[in-house]
2 protein chains.
Amino acid sequence: MGTTGRTESPRERYRQQVREEVKEKAWQQIAGSGASALSLNAIARQMGMSGPALYRYFANRDELITELIRDAYRSLADAFAGAGTGSGEGGAGRAGLAALAQVLRRWALEDPHRYFLVYGTPVPGYRAPQDTTAITAEMMSVLLDACTAEAPEGREGALEEHLAGHREWAGSHPDAPPSALRLALAFWSRLHGVLSLELAGHFTGMGLDPARLYAAEVDGLTA
Amino acid sequence: MGTTGRTESPRERYRQQVREEVKEKAWQQIAGSGASALSLNAIARQMGMSGPALYRYFANRDELITELIRDAYRSLADAFAGAGTGSGEGGAGRAGLAALAQVLRRWALEDPHRYFLVYGTPVPGYRAPQDTTAITAEMMSVLLDACTAEAPEGREGALEEHLAGHREWAGSHPDAPPSALRLALAFWSRLHGVLSLELAGHFTGMGLDPARLYAAEVDGLTA
DNA sequence: CATTCTAGTTATAGCTTCTAACGAACACGA
DNA sequence: TCGTGTTCGTTAGAAGCTATAACTAGAATG
């Protein structure tokens, strides 16, 4: 399971190290003012080297941002995957829907700008389709584990019928009942609904507690 | 109900006209490549006048974008308000939740970038708090009309209790039952959840029909 | 040791927002 | 009708950005 590079020459080693530092500074900058304000020049300055040097490491600004998006996806997928291995449980136990929901919200609040990099307004040049969809499939797999365990019995509606015939996205769970597929999609879209409104500040000044709204949606999902 | 300017001098008239034309070009540009790619210079060029002339009409780029955001809010609020006065019904009849949901989705699909200007990633300098919250209150008023009519009876949960004590945001409907408040928030957050995922392209390649997902959420709300 | 390959440099083009200074056209009171 | 003042639009320019080109110093490799 080693990385793609084979012998890891000391040169390549240094290269990766610099790339990581660039991305680190980039995250700091994003955390401060969002991805649209990310400046290669500023990063270079901050690293003590001047402007065009960064183009040795990233072809252009879009490539850097695309990489950051990919890392954001990765970090969310890892958080999901690690949800089962929490304090109480022993090994890699299956995480319940409620636990996954908490992981998701915690991850989002930990760095809202990172959340928006994944689920916010899509920006023109960015987004690497192949990569991110594979990572999303990973998360869906974890989610579907929980959903097949917690989904209610029968309850066949129009949507379930549609989902039964369109389950390509749930490739990891070809035998999941339609009710589980539906639950997974509801989990995804509803929690994202509350979260994005909260993080974008649409609840501020309304005097209500986003955490309670979120909890209510989670309750509605697991009921 | 006239505009704020009083006597409408011919000079002011022309000024407003140019402002409108600028915003129009701005919308075209946004529709093409999103708000982040909006360029004052390009707009000026497109209008046959050169660069800094636009600064007679807008203090800076952020002011223009803020205005566009406000107009986007306005257009959504108008769409909501006009939902009752549809084809079949006579005058300004109350719109049902299902009708409002359709209006919302139609509005969003009509110009995704406009949707993201309102509900997408919040961008640094923009957003005029006072203005937009007032318009949101308008929409909430229409929404609460429908919700008080269609909300189920009792059903008191933890969230309803919280909402009963925090109803500042529903100022227009001080007597709305908590179940209606809850329904309105669920409508808002759930439909936004599906919509934003759809518009951001997170469903593409999954082989499922966003319209059906949306319809299913609407059904769940009105059930 | 010589060659090659690479990381970093400066210079530059072209784009952006935005300020400053100026000219020209218009509105308006005398 | 004639100033006078406000306003619109211009060009020039500062400061910032992305990105390319040409070059140099240093490390890796034959």
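First the proteins, then the strands, lettered A, B, ... as listed; each starts at 1.
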Report task. Quick one: list whatever passes salt bridge (Lys or Arg N to Asp or Glu O under 4.0 Å) with A:D78, sequence neighbours left out. Result -> A:R74

Requested in this report: For B:R45 and for B:R11, find the nucleotide of DNA chain C with the closest heavy atom, then tell me which residue's nucleotide is more 5'.
Outcome: B:R45

Query raised in the report: Taking DNA chain D as the partner, which of residues 22-42 of chain A come within under 4.0 angstrom of it by heavy atom?
Result: A:L38, A:S39, A:L40, A:N41

Query - Contact residues, residues 51-62 of chain B to DNA chain D [heavy atom, < 4.0 Å] - result: B:P52, B:A53, B:R56, B:Y57

Query raised in the report: So do the side chains of B:R182 and B:L185 get within less than 4.5 Å of each other, counting heavy atoms only?
Result: no

Requested in this report: For the residue pair A:Y214 and A:L191, establish whether any side-chain heavy-atom pair is separated by less than 4.5 Å.
Outcome: yes

Query raised in the report: Taking only residues two or more places apart in sequence, or in another chain, which ones meet A:H173 in a side-chain contact (heavy atoms from CB on, under 4.5 Å)?
Result: A:S141, A:L144, A:D145, A:A176

Query raised in the report: Rounded to the nearest 0.5 Å, how far apart are CG of B:L163 and CG of B:L159?
Result: 4.0 Å

Report summary line: One should read off an interatomic distance between A:L38 CG and A:L64 CG, to the nearest 0.5 angstrom, of 5.5 Å

Query raised in the report: Which word best sums up how the rings of A:Y119 and A:Y73 line up, parallel for under 30°, tilted for 30 to 60°, or perpendicular for over 60°?
Result: tilted

According to salt bridge (charged side-chain N to carboxylate O under 4.0 Å, His left out), does anything in [range] pair up with another residue at least two apart or in another chain? List the pairs.
range: residues 193-208 of chain B; value: B:R105-B:E198
range: residues 112-122 of chain B; value: B:E110-B:R114
range: residues 187-197 of chain B; value: A:E217-B:R190

Pairs of donor and acceptor atoms involving the side chains of residues 15-22 of chain A, under 3.5 Å and at least two apart or interchain, shall be tabulated with distances.
from, atom 1, to, atom 2, distance (Å)
A:R15, NH1, A:R56, O, 3.1
A:R15, NH2, A:R56, O, 2.7
A:Q16, NE2, A:E12, OE2, 3.4
A:R19, NH1, A:Y57, O, 2.6
A:R19, NH2, A:E67, OE1, 3.1
A:R19, NH2, A:E67, OE2, 2.5

Report task. Report the distance from atom CZ of A:R13 to atom C1' of D:dA28, rounded to the nearest whole Å. Result -> 17 Å

Query raised in the report: How long is the line joining CD of B:Q16 and P of D:dC8, in whole Å?
Result: 11 Å

Query raised in the report: If you fit an axis to the five pairs at each end of the helix from C:dC1-D:dG30 to C:dA30-D:dT1, how big is the angle between those two axes, to 10 degrees?
Result: 10°

Report summary line: residues 24-38 of chain A vs side-chain hydrogen bond (donor to acceptor under 3.5 Å, both in side chains), sequence neighbours excluded, gives none

Report task. Any pair with a residue in residues 42-55 of chain A that passes side-chain hydrogen bond (donor to acceptor under 3.5 Å, both in side chains), sequence neighbours left out, goes on the list, sorted by first then second residue, please. Result -> none

Query - 5' to 3' contact window, DNA chain C with chain A (heavy-atom distance under 4.0 Å) - result: C:dT6 to C:dA11

Requested in this report: Could you check whether A:R15 gets within reach of a base, just the sugar-phosphate, or nothing at all, counting any heavy atom under 4.0 Å?
Outcome: sugar-phosphate

